[in-house]
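Basis for what follows: all heavy atoms, side chains included, without hydrogens, waters or symmetry-related copies.
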Amino acid sequence: MPTIANNLKKIHAQIHHAKKIYHRAENAVQLIAVSKTKPTTAIVSAYHAGQRHFGENYVQEALNKQVELSAFDITWHFIGAIQSNKTKVLAAHFDWVHCVENFKIAERLNAQRPDFLAALNVCIQVNISDETSKSGVKLEELANLITQISTLPNLKLRGVMAIPAPQTDFVAQREPYQKLVEYVKNLKNGQLDTFSFGMSDDLEAAIAEGSTLVRIGTALFGQRI
Ligand SMILES: *Cc1c(COP(=O)(O)O)cnc(C)c1O
């Protein structure tokens, strides 16, 4: 079996296992294949093995791939940092944007979403590791931003995304996710259905804590150079 198809099978088995031991529902966790820096041939391999959701971090690279793969039925997720001069392209060419971290960016995406497309799915990026270098809103700012973004008609606020500081210990991996999920579940505003977290190295911890969208690159496509 080709490597990517084989890796995909292994990841699905891991997801299945984690869902089972942490009592998650059968369809609770979707997989986003993170294809940044990888060629379109890799995307096509995963596609032929059944993968439909793909995540990209760099706007121009993603657009080139979208043109090349326009015949494929792919749901495109933008999971990179958002520069305000790129919002127009993001609003026009993606189904999901994951790293919204302020209202100004949300307003631009809302204004620039073409009328003929359905509302753009967005997640708010939350900083759950308290590192000054990491992007995302602080937990204390989250409720307010949810209220603001919920007023924008061309955006569909789906939930939160997070990239915690890397940890190797399983218990330590779970802790920031647990904190975030608990906080979100206690919020009164918004109809959120998405927790976008979990990468190759903390997939199980993320699913244990309630992830609904895991974003997997390395385990599927191999190391990025
Ligand atoms: C690159 C990236 C991933 C994938 O990470 P892996 O460790 O390769 O699985 C997931 N999420 C975001 C936001 C990324 O930038």
Side-chain angles (χ1 to χ4, degrees), residues 25 27-30 32 34 52-59 62-63 66 74-164 176-198 206 209-215:
N27 294 317
V29 184
Q30 302 298 316
I32 299 174
V34 177
R52 292 294 178 271
H53 289 257
F54 289 86
E56 290 282 342
N57 293 56
Y58 310 108
V59 176
L63 291 185
Q66 289 177 352
I74 289 175
T75 299
W76 292 100
H77 296 250
F78 188 74
I79 61 169
I82 305 169
Q83 294 169 280
S84 55
N85 63 350
K86 296 285 164 57
T87 51
K88 190 171 181 186
V89 181
L90 296 179
H93 294 275
F94 284 84
D95 302 293
W96 286 71
V97 171
H98 286 242
C99 302
V100 175
E101 56 176 354
N102 61 59
F103 189 56
K104 190 178 139 243
I105 290 287
E107 275 185 307
R108 289 178 66 94
L109 291 169
N110 178 67
Q112 293 166 335
R113 182 67 168 173
D115 288 338
F116 61 90
L117 293 176
L120 177 66
N121 297 293
V122 298
C123 291
I124 296 172
Q125 183 172 4
V126 185
N127 181 348
I128 45 175
S129 294
D130 300 314
E131 277 180 295
T132 45
S133 63
K134 280 274 178 337
S135 30
V137 297
K138 296 195 190 75
L139 263 190
E140 309 86 80
E141 301 161 17
L142 180 58
N144 190 33
L145 189 54
I146 290 173
T147 305
Q148 290 181 305
I149 292 181
S150 300
T151 64
L152 301 173
N154 299 326
L155 301 187
K156 187 166 168 54
L157 180 60
R158 298 297 298 269
V160 292
M161 83 85 81
I163 314 171
Y177 292 139
Q178 194 202 358
K179 203 168 113 189
L180 175 59
V181 170
E182 197 176 291
Y183 189 90
V184 170
K185 290 204 163 148
N186 285 322
L187 289 174
K188 295 285 175 284
N189 54 1
Q191 306 284 308
L192 308 186
D193 62 12
T194 300
F195 290 108
S196 168
F197 51 63
E209 294 302 340
S211 174
T212 64
L213 277 181
V214 291
R215 310 178 308 262

Exercise for review: Compare every heavy atom of R158 with every heavy atom of N121, then report the nearest pair and how far apart it is.
Suggested key: OD1-NH1, 2.9 Å
Review point. Relative to the ring of W76, is the ring of F94 parallel (under 30°), tilted (30 to 60°) or perpendicular (over 60°)?
Key: perpendicular
Point to revise | Atom of C99, atom of Q125 and distance for their closest heavy-atom approach | key: CB-OE1, 3.3 Å
Check your understanding: Can you tell me how far CG of L155 sits from CD1 of I105, rounded to the nearest 0.5 angstrom?
Key -> 11.5 Å
Point to revise | Beyond-backbone contact of T194 with W96, side-chain heavy atoms, under 4.5 angstrom | key: yes
Revision key, fill the gap. Here the pair of heavy atoms bringing H77 nearest to I32 is ND1-CD1, 3.4 Å
Check your understanding: Any side-chain heavy atom of V34 within less than 4.5 Å of one from N57?
Key -> yes
Review point. Counting distance only, does the side-chain N/O of T212 pair as donor-acceptor with the main-chain N or O of A28 below 3.5 Å?
Key: no
Review point. Do V97 and V100 come within less than 4.5 Å of each other through their side chains, counting heavy atoms only?
Key: yes
Review point. Are the side chain of N186 and the backbone N or O of E182 linked by a donor-acceptor pair below 3.5 Å?
Key: yes
Review point. Does N127 reach the main-chain N or O of S129 with its side chain, forming a donor-acceptor pair under 3.5 Å?
Key: yes
Study note, to complete from the structure: Closest non-hydrogen contact found for Q148 with T151 is O-OG1, 2.6 Å
Exercise for review: Any chance you could measure I146, atom CD1, to I124, atom CD1, to the nearest 0.5 Å?
Suggested key: 5.0 Å
Review point. How far apart are the closest heavy atoms of A91 and R113, and which atoms are they?
Key: O-NH1, 2.7 Å
Review point. Is there side-chain contact between Y183 and V126, with at least one heavy-atom pair below 4.5 Å?
Key: no
Check your understanding: What distance separates S84 OG from E107 CD, expressed to the nearest 0.5 Å?
Key -> 12.5 Å
Check your understanding: So, do Y177 and P164 sit near enough that their side-chain heavy atoms are less than 4.5 Å apart?
Key -> yes
Check your understanding: Taking the side chain as C-beta and beyond, is there a heavy-atom pair between V214 and F197 under 4.5 Å?
Key -> no
Check your understanding: Atom OG in S150, atom CG in L192: separation rounded to 0.5 Å?
Key -> 7.0 Å
Check your understanding: Hey, which of N102, T87, V59 is the one that makes side-chain contact (heavy atoms from CB on, under 4.5 Å) with I82?
Key -> T87
Review point. So do the side chains of K179 and I128 get within less than 4.5 Å of each other, counting heavy atoms only?
Key: no
Review point. How long is the gap from CD on E101 to CD on E141, to the nearest 0.5 Å?
Key: 10.0 Å
Revision key, fill the gap. To the nearest 0.5 Å, atom CD of Q30 lies from atom CG of N27 at 6.5 Å
Check your understanding: With sequence neighbours left out, what residues match R215 under side-chain hydrogen bond (donor to acceptor under 3.5 Å, both in side chains)?
Key -> S196
Check your understanding: Less than 4.5 Å apart, any side-chain heavy atom of F103 and any of L152?
Key -> yes
Exercise for review: State, to 0.1 Å, how close H93 and Q66 come at their nearest heavy-atom pair, and which atoms those are.
Suggested key: O-NE2, 3.0 Å
Review point. Going through the checks in order, is the side-chain contact (heavy atoms from CB on, under 4.5 Å) test met by T75 and F54?
Key: CA-CA 6 Å; T75 299; F54 289 86; over 6 Å; no
